[in-house]
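Remarks on the structure that follows.
Chain letters run A, B, ... following the sequence lines, proteins first and then strands; every chain starts at 1. The structure displayed is predicted, hence computed values, not measured ones.
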Amino acid sequence: DAGVIQSPRHEVTEMGQEVTLRCKPISGHDYLFWYRQTMMRGLELLIYFNNNVPIDDSGMPEDRFSAKMPNASFSTLKIQPSEPRDSAVYFCASSTQRGQLLRQPQHFGDGTRLSIL
Amino acid sequence: KNQVEQSPQSLIILEGKNCTLQCNYTVSPFSNLRWYKQDTGRGPVSLTIMTFSENTKSNGRYTATLDADTKQSSLHITASQLSDSASYICVVSSGSGGSYIPTFGRGTSLIVHP
């Protein structure tokens, strides 16, 4: 099993630019999660999908953030326009819940380290 | 407000020694508690998941306990190894059915010295 694959691993861009982070979940997993991690705030859940449908996006900080899951094997998190305070490590995770969302482990990718100058 | 507090913030131990990390929470309604290990530069890896009815769960040298009455959990590491050096994160979830509402602790940074 290849695990959750995120790209790019590192992204450095200037303020105001559009940033797109990508995630390929583990095949067969029906839940996908996007998280953000900073030194100041720790880990935060941004949004999660079930069967490609967004379930809860209450953690998305602003309208500048958007996430899509066009199919079961691909998701994107987009920031437009980006700001320096968006600098963080963004993680994608996937899980197969078999009807028990709250009892199954989530498998994390190794994250995208985003720096906005 | 839901909160998860972890202690200590950091810990240094010698290889082969045991250690215990603490997690206190005020999350309601409680659904489950997870411990993750996060190596530097990597994503978190799930160690244990416990629901209300479970008070002990083991994963190799890692043993987690849960006291739902006092809202406390601990992660005990036995015979520590250099590879145990990492951040350990406690996550308490509320929600029911298909919902997932996590509250994250800030983590305990563990360093194991030879």
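- For B:Glu5, the side-chain contact (heavy atoms from CB on, under 4.5 Å) test picks out B:Gln3, with sequence neighbours left out.
- Between A:Tyr35 and B:Pro44, the closest side-chain pair of non-hydrogen atoms is not below 4.5 Å.
- Hydrophobic clustering of Ile, Leu, Val, Met, Phe, Trp and Tyr side chains at less than 4.5 Å, counting indirect connections, keeps A:Tyr31 apart from A:Leu46.
- Residue contact with chain A, scored on non-hydrogen atoms closer than 4.5 Å, is absent for B:Leu47.
- The number of heavy-atom neighbours closer than 6.0 Å to CG of A:Asp63, taken from other residues, nucleotides and ligands shown, is 12 or below.
- Heavy atoms from other residues, nucleotides or ligands lying under 6.0 Å from CZ of B:Phe52 number 12 at most.
- Going from atom OG of B:Ser87 over to atom CD of A:Gln37 covers 7.5 Å, rounded to the nearest 0.5 Å.
- A:Phe49 and A:Phe91 are members of different hydrophobic clusters when ILVMFWY side chains are connected at heavy-atom separations under 4.5 Å.
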Dump the intermediate steps for side chain to side chain contact (heavy atoms under 4.5 Å, CB included) on A:Gln106 and B:Val91, then the final yes or no.
-> CA-CA 12 Å; A:Gln106 295 181 18; B:Val91 185; over 6 Å; no
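- A:Arg41 touches chain B through its backbone: at least one of N, CA, C or O sits under 4.5 Å from a heavy atom, while the side chain does not.
- Closest heavy-atom contact between B:Arg34 and A:Gln104: NH1-O, 2.8 Å.
- In this structure, A:Leu114 is not a member of the same hydrophobic cluster as A:Met39, with clusters built from ILVMFWY side-chain heavy atoms closer than 4.5 Å.
- At least one side-chain heavy atom of A:Leu45 sits less than 4.5 Å from a side-chain heavy atom of B:Tyr100.
- Using a 4.5 Å heavy-atom cut-off against chain A, the contacting residues of residues 103-114 of chain B are B:Phe104, B:Arg106.
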Please list every donor-acceptor pair under 3.5 Å in which a side-chain atom of residues 7-19 of chain B meets a protein atom from a residue at least two apart or in another chain.
{"residue": "B:Asn18", "atom": "OD1", "partner": "B:Ala79", "partner atom": "N", "Å": "2.7"}

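- The contact list for residues 35-43 of chain B toward chain A, using heavy atoms and a distance under 4.5 Å, reads B:Tyr36, B:Gln38, B:Gly41, B:Arg42, B:Gly43 by residue number.
- Residues B:Leu82 and B:Leu21 share a single hydrophobic cluster, defined by chaining ILVMFWY side chains whose heavy atoms lie under 4.5 Å apart.
- In terms of hydrophobic clustering, with Ile, Leu, Val, Met, Phe, Trp and Tyr side chains grouped at heavy-atom distances under 4.5 Å, A:Phe108 and A:Val89 are assigned to a common cluster.
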